**Student:** 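Structure below; questions to follow.
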2 protein chains.
Amino acid sequence: MKEGPDISRIAALIGDPARANILTALMSGKALTATELAGEAGVTLQTASAHLAKLQATEMIAARKSGRHKYFTLGGDDVGHVLEALMGLAAGAGHLRTRTGPKDAALREARVCYSHLAGARGIALYQGLLRRGVLQAEGEVIRVTPAGSAFLCDFGIDLDALGRAKAPLCRSCLDWSARQTHLAGSVGRALLTRMQALGWCTRQEGSRVVTFTPAGATAFAQTLG
Amino acid sequence: MKEGPDISRIAALIGDPARANILTALMSGKALTATELAGEAGVTLQTASAHLAKLQATEMIAARKSGRHKYFTLGGDDVGHVLEALMGLAAGAGHLRTRTGPKDAALREARVCYSHLAGARGIALYQGLLRRGVLQAEGEVIRVTPAGSAFLCDFGIDLDALGRAKAPLCRSCLDWSARQTHLAGSVGRALLTRMQALGWCTRQEGSRVVTFTPAGATAFAQTLG
DNA sequence: TAAATGCTTCGGCTAACGTCGAAGTATGAA
DNA sequence: TTCATACTTCGACGTTAGCCGAAGCATTTA
């Protein structure tokens, strides 16, 4: 009866405020978990899960499981293109959002990703360890080199104790603020714990922000970055 | 809380099937009345009126009263851009319309795009006129050559009468089935009208399918294709 | 003037969908 | 193992909004 591809199904998906918020949050190119996206959308986790399932069924977003987390990204460039065009149209029609918060500048700098360090500092840490030969990456598998074991032991981390646990020593984790890999796993957690013990950084209560002291920042840059 | 313009309002407008049909119908660039759009959308006039009011309130379409008719067109190029992007995404996601009945093949072959010929025949017509030097394309602008004027006059089309109307003589129209350009505008309309008058083809009532008679098809191939 | 056509508004009905509580699975941590 | 976290599924509720019949304007035609 009508001609052409069916626009309305896809547009209706974007037409829900919660889903639009989810897609807008993913527009930065960052990978986000379901819980984070639920917060962004302003709905509960159950509701967000239903939305994410619908978006994934139409391939507007892609999911990647990592541990017990599920990371979502946009389905492709064409999806971003549609969203961009819609934003332009909405902006022109005067449907701007009321306010924008400078909240996440600190989050981009340094934050905890469950138990390890993420953000710009986290990426610097991971790349620094690679450059110093402590870690070696083969695809998505990360190993600690023999020289790296000595380095970590010197830093105050008991690799043998970590090795007895079932959890993998090293794991790559995708960063949402820069979409780059940083170090997770028990070694990543131990590094953050050790840095906190050394007084290099402190965690803000009720937030994921990690604050480095001036002395801690310089020590970090010298030793690890 | 959220950043960026509010996509969802506009996307929700496109998300309704009736409104999506209306917008798709207006994609040809032609101005259509409320009654025509109601038919395209498959709803009654009252329902279409409500939809048109909503679309007009957000400036996605523009209205122009002429006598007791109300002609609607797309609000601007950016609206068309959004629709194009959505069509590409919908086509890529495999969300083509479900009912691919026997009409579909006929529609791809030859159909009316409001008032001119589209489909495989429409593309053949356009390319044939280009090859014969009747038309000349410069980017998206199409002009009738001096020799073409004589050709069209010979075919029984009064170019002078068409020139007095406000509508552009020639307009390019993108074909969804083949993603190629075909001829719209008043010349395109006049050509279809003339071919019907010559008995080359007939329109099916209540449908957009155009059926060529065997004699008409050969005449079409000799004269225009 | 009256009749006809094109469009808008009003009222009520219906169906669809977003929402969340609660329970169920899966993975990681202790 | 036992607990905690992350996510999914189920069921029910409630709001929303599309839809059309009928009536109301507005404009053209006879």
Side-chain angles (χ1 to χ4, degrees), chain A residues 8-23 31-58 61 63-72 112-116 158 161-171 173-174 176 184-190 192-193 208, chain B residues 8-23 31-58 61 63-72:
Chain A
S8 65
R9 280 194 176 82
I10 289 184
L13 281 175
I14 313 177
D16 178 75
R19 284 193 293 259
N21 285 336
I22 288 174
L23 291 170
L32 297 175
T33 68
T35 307
E36 290 170 320
L37 289 172
E40 286 289 330
V43 294
T44 60
L45 185 54
Q46 310 97 308
T47 305
S49 181
H51 286 314
L52 291 169
K54 287 181 184 177
L55 290 172
Q56 194 181 353
T58 56
I61 62 175
R64 171 167 149 249
K65 286 191 76 167
S66 167
R68 57 181 168 185
H69 297 274
K70 202 167 175 183
Y71 285 94
F72 292 92
V112 284
C113 192
Y114 300 99
S115 54
H116 58 272
D158 186 359
L162 294 180
R164 278 194 293 274
K166 298 165 200 160
L169 280 178
C170 297
R171 183 192 294 272
C173 184
L174 197 60
W176 63 258
S186 55
V187 171
R189 179 168 57 250
L192 175 60
T193 308
R208 306 175 63 189
Chain B
S8 66
R9 281 193 176 82
I10 289 184
L13 282 176
I14 313 176
D16 179 74
R19 285 193 295 259
N21 286 335
I22 288 174
L23 291 170
L32 297 173
T33 67
T35 308
E36 288 171 317
L37 289 172
E40 284 293 326
V43 294
T44 60
L45 185 55
Q46 313 96 304
T47 306
S49 180
H51 286 315
L52 292 169
K54 287 181 185 176
L55 289 172
Q56 195 182 352
T58 54
I61 62 174
R64 183 168 53 104
K65 284 189 80 167
S66 168
R68 57 182 167 183
H69 294 273
K70 201 168 176 184
Y71 286 95
F72 293 93

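Quantities reported herein were computed from a predicted structural model and do not represent experimental measurements. Residue numbers start from 1 in every chain, and the chains themselves are labelled A, B, ... in the order their sequence lines are given, proteins ahead of strands.
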**Student:** CG of B:L52 versus P of D:dG18: gap in Å, rounded?
**Tutor:** 13 Å
**Student:** Without decimals, in angstroms, what is the distance between B:E36 CD and C:dC7 P?
**Tutor:** 8 Å
**Student:** Please tell me if the side chains of B:Q56 and B:F72 come closer than 4.5 Å, counting only heavy atoms from C-beta onward.
**Tutor:** yes
**Student:** Find the distance B:H69:NE2 to D:dA26:P and express it as a whole number of Å.
**Tutor:** 18 Å
**Student:** B:R68 CZ to D:dA26 C1': how many Å, rounded?
**Tutor:** 10 Å
**Student:** Quick one, B:L23 and B:I61 - any side-chain contact, counting heavy atoms below 4.5 Å?
**Tutor:** yes
**Student:** Kindly say if B:H51 contacts the phosphate of D:dC19, meaning a side-chain N or O under 4.0 Å from OP1 or OP2.
**Tutor:** yes
**Student:** Is the side chain of B:R19 donor-acceptor paired with the backbone N or O of B:I14 at a distance under 3.5 Å, no angle test?
**Tutor:** no
**Student:** Under 4.0 Å between a side-chain N or O of A:K70 and OP1 or OP2 of D:dT8?
**Tutor:** yes
**Student:** Is there a side-chain polar atom (N or O) of A:K54 under 4.0 Å from OP1 or OP2 of C:dG18?
**Tutor:** yes
**Student:** With nearest nucleotides of DNA chain C determined for A:V43 and B:F72 from heavy-atom distances, which residue corresponds to the more 5′ nucleotide?
**Tutor:** B:F72
**Student:** Is B:T47 near enough to D:dC20 that one of its side-chain N or O atoms lies under 4.0 angstrom from OP1 or OP2?
**Tutor:** yes
**Student:** In whole angstroms, how far is the C1' atom of D:dG18 from the CG atom of B:N21?
**Tutor:** 14 Å
**Student:** Please state whether the phosphate of D:dC20, meaning OP1 or OP2, lies under 4.0 angstrom from any side-chain nitrogen or oxygen of B:T44.
**Tutor:** yes
**Student:** Is the distance from OP1 or OP2 of D:dC7 to the nearest side-chain N or O of A:T35 less than 4.0 Å?
**Tutor:** yes
**Student:** For a quick check of understanding: with a heavy-atom distance under 4.0 Å over all strands, which category does B:A18 fall into, base, sugar-phosphate or nothing?
**Tutor:** sugar-phosphate
**Student:** In whole Å, what is the span from the CZ atom of A:R19 to the P atom of C:dG18?
**Tutor:** 4 Å
**Student:** Give, for atom OG1 of A:T58 and atom CG of A:L13, the distance between the pair rounded to the nearest 0.5 Å.
**Tutor:** 5.0 Å
**Student:** Please state how far atom CG in A:D16 lies from atom P in C:dG18, giving the value in whole angstrom units.
**Tutor:** 5 Å
**Student:** Could you state the CG-P distance from A:L45 to C:dA22, rounded to the nearest angstrom?
**Tutor:** 15 Å
**Student:** Please determine, by modelled atom types, if B:E36 and B:T33 share a side-chain donor-acceptor pair under 3.5 angstrom.
**Tutor:** yes
